[in-house]
Amino acid sequence: MRTIWNGSISFGLVNIPIGLALATQRNDVSFRTLHRECGTPIKQKRWCPFHEREVEADELVKGWEVAKGEFIFVEESDLEAVALQRSQAIDILRFVKLADVDPVYFDRTYYLAPAAADAQRRPYVLLLRAMEESGMAAVGKFVLWGKENLCLIRSRDGALLLETRDPDRCYDQLADAVLGSGVAVSALSSPDNNLGAVFEYLTGDGGRR
């Protein structure tokens with residue numbers, strides 16, 4: 001799985017190394033260019049003057065001109081990485097019942113991939129197991145496209161997923177919906193807000209309230 005950004009899930013003294021990978025591709029509405037007089041779609045040829053032939057859509061890539069006539073390829077994943085490069089952590093604010101969060105507020109899904117080293121994978125697995133057993137999710141914030149944004153971390157099929165906010169939804173409306181329920185990380189019983197305290201809360205009576 002190719003990650004586009006590497007950072008950590010952070011709360012209290014806990015830092016869980018993760019990588020962010022695309023889980024979905026955007027399917028935006030596309031329009032055809034028509035001849036106004038007859039309504040016939042216009043054929044636009046993609047012509048490569050170097051090879052002197054027409055090229056297909058899957059042969060195209062975005063490019064940035066670094067010098068006259070000299071380009072470097074820019075993939076969609078590169079653009080995503082640039083947008084995320086200012087943020088090195090996903091700060092967890094609170095834990096909420098997943099069933100209480102309306103999915104209408106969220107837009108895009110990413111996989112949160114664990115670190116390769118066994119010692120660094122353990123806290124990831126512990127958090128994942130706690131979420132699976134309790135039906136809880138985590139509300140956090142991180143920087144996306146240069147702006148601080150709310151996100152939701154949940155478990156699914158043995159992995160952690162991150163959902164980003166739908167840009168068409170009001171930030172304050174989402175904040176009211178998800179920040180008014182569950183429990184804040186700062187309110188957990190442990191003064192260090194360590195992973196053991198989180199696991200105990202999620203899988204104990206706190207996570208079943």
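These numbers come from the heavy atoms of this one structure, side chains and all, not from hydrogens, waters or symmetry mates. Predicted model only: the values in this text are computed from it and were never measured.
Met136 contributes atom CE, which lies 11.5 Å from atom OG of Ser155 (distance to the nearest 0.5 angstrom). The distance from the SG atom of Cys151 to the CG atom of Leu93 is 8.0 Å, given to the nearest 0.5 Å. Considering CG of Leu162 and CZ of Phe106, their distance stands at 9.0 Å, rounded to 0.5 Å. Once rounded to the nearest 0.5 Å, the distance linking CG of Leu112 with CG of Leu161 reads 7.0 Å. Annotation: the span from Ile153 atom CD1 to Phe142 atom CZ amounts to 8.5 Å, rounded to 0.5 Å. In this structure, CG on Asp157 lies 9.0 Å from CD on Glu132, to the nearest 0.5 angstrom.
Nearest approach of Asn6 to Gly19, heavy atoms of both residues: OD1-CA, 3.5 Å. Annotation for Pro123 and Ala119: closest pair CD-O, 3.5 Å, computed over non-hydrogen atoms. Closest approach of Ser8 to Asn15, counting heavy atoms only: OG-OD1, 3.3 Å. Nearest heavy atoms, Leu22 versus Arg108: CD2-NH2, 3.8 Å. Between Leu160 and Tyr124, the shortest heavy-atom contact is N-OH, 3.0 Å. The two atoms that bring Ala115 and Arg121 nearest to each other are O-CG, 2.6 Å, heavy atoms only.
Among residues two or more places apart in sequence or in another chain, the salt bridge (charged side-chain N to carboxylate O under 4.0 Å, His left out) test is passed with Arg53 by Glu59. Listed by chain and residue number, Thr109, Arg154 satisfy the side chain to side chain donor-acceptor pair (under 3.5 Å) test with Glu163 (two or more places apart in sequence, or in another chain).
No more than 12 heavy-atom neighbours from other residues, nucleotides or ligands sit within 6.0 angstrom of CD on Glu52.
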Point to revise | Residues Leu152, Leu98; criterion side chain to side chain contact (heavy atoms under 4.5 Å, CB included); working and verdict | key: CA-CA 9 Å; Leu152 182 81; Leu98 180 59; 4.0 Å; yes

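Summarising the hydrophobic clusters (Ile, Leu, Val, Met, Phe, Trp, Tyr; side-chain heavy atoms under 4.5 Å, direct or chained), the residues clustered with Leu60 are Val55. Through ILVMFWY side-chain contacts below 4.5 Å, Phe71 is grouped with nothing and stands alone.
Side-chain atoms of Ile90 and Ile18, non-hydrogen and from C-beta on, do get closer than 4.5 Å to each other.
In terms of modelled atom types and a separation under 3.5 Å, the side chain of Tyr110 and the main chain of Thr164 share no donor-acceptor contact.
Sorted pairs that involve residues 40-50 and meet salt bridge (Lys or Arg N to Asp or Glu O under 4.0 Å), not counting sequence neighbours, are lacking altogether.
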